[in-house]
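Predicted model only: the values in this text are computed from it and were never measured. Order of listing sets the numbers, starting from 1, for every ligand and every atom in it.
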Amino acid sequence: MSQNQLSTRHLLGIKHLTVEDIRLIFDTALEFKEVINRPIKKVPSLRDITVANLFFENSTRTRISFELAEKRLSADVVNFSASSSSVKKGETLLDTVNNILSMKVDMVVMRHPAPGAPIYLSKRIPANIINAGDGTHEHPTQALLDAFSMQLALNDELKGKNIAIFGDILHSRVAMSNIFCLKKLGANVRLCGPPTLIPKHIHKLGVDVSYDIRKTLEWCDIANVLRIQLERQDIKYFPSLREYHNHFGISKKLLDSLDNPVIVMHPGPINRGVELTSDVADSDQSIILQQVENGVAIRMAILYLLSTLRA
Ligand code: NCD
């Protein structure tokens, strides 16, 4: 019999999930993807459940995606953003969250600049916690929607597939969660970017490293291209964005010169003209907008599965 419950009450990182958890999330997301393409997109699965979206760091896609997922499951939703809250007046994270919880919140979706913040909270409060990105650590829902989108685009499992991740691996929580998820699913993972933006001991996670963009594109079935995280870089890791683009940017001309039809992905926000040119982002090799659509289905699946495991 296949598993019908997650092995954990919280989604803190991909590191803590089993392969069976990932497959259960994908199977459930497939059903919700069907629901959100119906004329009536709403189901009552989370009726009487209150979800707080606590965003201590900027976000567009992830925040809207979670809010839509919650509303399509009929949850009651409260939104909090640190820039307009008492955090600015010196309140601690635990005090802020405990105050919100005393208003009877069942689930917390949290984005925070400090790595480990969602793990810290999960040990102190009774609500289910979903990590929506913690500093440079993990961004599990992004990795799940990425791997789910890859499977749908290839119409196949990821076992034995060649997936390349390009860009600022050093500062990217999306890269970390992607690596954990893709390795658990049996894919071959290669990282490509300037040596200064690839962590020294990363091969210990079972991935290859290449500094040659053309060879990496020739090798891969899918290129997941990441943004240069300038806001997290306190020193200069490469001379200029123009130089970065010349060596590591992906253009349509480069893709057209390959024999293999690489599928291109990006978690957003895109810096057009830096890691990708517009003609790649908008081409039919790109599945960037499918990722966004699948993100709602994946988040509905996670919210639903965790809601069945309340304390
Ligand atoms: C990513 C993030 O915030 O980590 N974006 C996202 O969630 N869609 C990637 C990024 O900021 O580059």
Ring-face cation contact, Phe66 with Arg299, 6.0 Å cut, 45° max: yes
May I ask you to check whether Ser210 and Arg190 show a side-chain donor-acceptor distance below 3.5 Å? no
Side chains of His266 and Arg227, donor plus acceptor under 3.5 Å: no
Rounded to the nearest 0.5 Å, what's the gap from CE on Met110 to CG on Asn53? Could you check? 12.0 Å
Can you list every protein residue that has a heavy atom under 4.0 Å from any atom of ligand 1, sorted by chain and residue number? Arg61, Thr62, Arg111, His139, Gln142, Arg173, Val174, Arg227, Gln229, Pro267, Gly268, Pro269
Taking only residues at least two apart or on different chains, which pairs with a member in residues 98-119 satisfy ring pair (Phe, Tyr, Trp, His ring centres under 6.0 Å)? Phe56-His112
Leu12 versus Ser122: any side-chain heavy-atom pair under 4.5 Å? yes
